[in-house]
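Quick one: structure below, then a few questions.
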Amino acid sequence: MQLIDLRSDTVTQPTPEMREAMAKAQVGDDVYGEDPTVNRLQEMAAELLGKEAGLFIPSGTMGNLSAVLAHCGRGDEVILGDKAHIFLYEGGGISALGGVHSRQLINRADGSLLLDDIRAAIRPKDAHAPVTRLIALENTHNRCGGTFFTPEYGRQVGELARERGLATHLDGARIFNAAAALDVPAKEIAAPFDSVTFCLSKGLCAPVGSVLCGSRAFIAKAHRIRKQVGGGMRQAGILAAAGIVALERMTDRLGEDHARARKLAEGLAGVSGLVLDEGTPHTNMIFMNLAESVPYPAAKVAAHMRQAHGVLIGVAGERRFRLVLHYWIDAAAVARTIAAFQALLG
Ligand SMILES: *Cc1c(COP(=O)(O)O)cnc(C)c1O
């Protein structure tokens, strides 16, 4: 039985075209800055996001870490959301490795932060207080349901930051999903932010890597930090080659995943044992709970879906699921998933 893996878009395998590009990639020692394929990927990424420079980084976590450490010194404070990936899912790296203090504000439903909350969180110049240095946002927002905020909101945050002398960072792991949902170029979403990270290894299907983009001076600083945390790679063009294919072929097709997510959600809405979140899906993720009538926990349902139907789903809580659409989920897989849920919980 062919497995249908809806746990995440990180499960995406590289396409045959990526594997071919990887095999043929021209490479050099990237620690010396001599890998032509890495250099090309970095230039392409910077261009796409409207920034001066880019830096290829092994993971999104290391990209965010390098960015926060490039913006902040020890004892400085970053303002971020209480559901931010940086806050919840990156091992506390910014404080463990950078001594950066985090000030968490409540994320609104769309993943944004209330401007008044940000204003109120900026510390006074006072020796008792940490120094507020950075505002970090996330778009699309993972824990908020794959939601997105508008470029206009980003501009308002950027303006506030400039008025108060703060830097801004965008965790744009899925910025191209936000761009597809908003129908704007990614660079418009990125424009208000001093730095942006995005992942090549999620919906874009590359096997490894993220790119951090920003000004030339900022990237020079982040480059040093990437080395400090052990992220300097050698013939990394093998990996960057897949990233180039990702940028050339994958960014413009993400709307298909969003449309399939809507199709899947429509089907699942007819399953009596499931209660979909209001408004889901916003992009490529569906969040839903088990109805009260279902006597089993989510983990048990997920195990049965896997064993009986070959459908892998994400367990996001005691009675909660996350389903993520991506390149390798076609219309037939959507239909099979609906039928499987129908058979189990219909
Ligand atoms: C996946 C993700 C990251 C980075 O994750 P890695 O697994 O380290 O590449 C960062 N932010 C968000 C919102 C993510 O979803």
Side-chain angles (χ1 to χ4, degrees), residues 5-14 41 45 49 54-69 78 80-94 96-97 102 104 107-108 110-113 134-149 154 168-181 186 189-190 193 195-213 222 225-226 229-231 233 236 239-240 242-243 246 250 254 257 261 281-287 314 316 322-326:
D5 198 342
L6 294 159
R7 290 171 302 169
S8 177
D9 46 11
T10 57
V11 302
T12 44
Q13 304 250 332
L41 170 67
L49 292 196
L55 187 64
F56 184 46
I57 304 218
S59 71
T61 297
M62 194 188 282
N64 285 331
L65 176 67
S66 303
V68 173
L69 267 55
V78 53
L80 41 58
D82 62 344
K83 296 192 180 72
H85 195 277
I86 295 176
F87 177 59
L88 290 177
Y89 301 125
E90 299 187 4
I94 59 169
L97 304 171
S102 68
Q104 313 106 43
N107 272 118
R108 292 193 292 179
D110 66 356
S112 67
L113 304 174
L134 175 67
I135 302 169
L137 298 180
E138 186 176 317
N139 200 11
T140 65
H141 202 292
N142 189 343
R143 251 310 278 285
C144 287
T147 49
F148 52 89
F149 58 73
T168 50
H169 173 69
L170 181 65
D171 176 356
R174 296 186 180 82
I175 193 172
F176 294 105
N177 291 90
I189 298 169
F193 297 89
S195 59
V196 182
T197 43
F198 70 86
C199 290
L200 295 161
S201 63
K202 292 184 172 165
L204 303 186
C205 287
V208 177
S210 285
V211 186
L212 170 62
C213 296
I225 292 161
R226 186 190 67 174
V229 297
M233 296 182 285
L239 302 173
M250 294 295 175
L254 295 172
D257 296 340
H282 301 275
T283 51
N284 66 331
M285 300 176 184
I286 296 170
F287 280 83
R322 185 183 79 158
L323 274 52
V324 186
L325 280 284
H326 54 75

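Atoms within each ligand, like the ligands themselves, are counted from 1 in listed order.
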What is the nearest protein non-hydrogen atom to atom 13 (C) of ligand 1, stated with its residue, atom name and distance? Glu138 OE2, 3.1 Å
Hey, does the side chain of Glu138 reach the backbone of Asn142 with a donor-acceptor pair shorter than 3.5 angstrom? yes
Using only heavy-atom distances, determine whether the side chains of Thr147 and His282 contain a donor-acceptor pair under 3.5 Å. no
Does an N or O anywhere in Asn142 fall below 3.5 Å from an N or O of ligand 1? yes
Any donor and acceptor pair, going by atom type alone, linking the side chain of Ser102 with main-chain N or O of Gln104 inside 3.5 Å? no
For Gly60 and ligand 1, does the shortest N/O to N/O distance drop below 3.5 Å? yes
Identify the protein heavy atom lying closest to atom 11 (N) of ligand 1, giving its residue, its atom name and the separation to 0.1 Å. Asp171 OD2, 2.6 Å
Just by modelled atom types, is the Lys202 backbone N or O under 3.5 Å from a matching donor or acceptor in the Arg174 side chain? no
Would you say ligand 1 has an N or O under 3.5 Å from any N or O of Arg174? yes
Should the proximity of Thr10 to ligand 1, defined as any heavy atom under 4.0 Å, be assigned to the side chain, the backbone, both, or neither? neither
Is there at least one pair of N or O atoms, one from Ser201 and one from ligand 1, spaced under 3.5 Å apart? no
Give the atoms of ligand 1, by number and element, whose distance to some non-hydrogen atom of Glu90 is under 4.0 Å. 10 (C)
Reported CG-to-NE2 distance for the pair Leu80 and His85, which is rounded to 0.5 angstrom: 12.5 Å
Any N/O pair Thr140/ligand 1 closer than 3.5 Å: no
Please confirm whether the backbone N or O of Lys83 pairs with a side-chain atom of Asn107, one donor and one acceptor, at under 3.5 Å? yes
Taking side-chain contact (heavy atoms from CB on, under 4.5 Å) as the criterion, tell me which of Leu170, Leu65, Asn64 meets it with Thr197. Asn64
Give the ring-plane orientation class for Phe149 versus Phe193, where under 30° counts as parallel, over 60° as perpendicular and anything between as tilted. tilted
Who's the nearest protein heavy-atom neighbour of atom 2 (C) of ligand 1, and how far? Lys202 NZ, 2.1 Å
To the nearest 0.1 Å, how far is atom 8 (O) of ligand 1 from its closest protein heavy atom, and which atom is that? Thr61 OG1, 2.6 Å
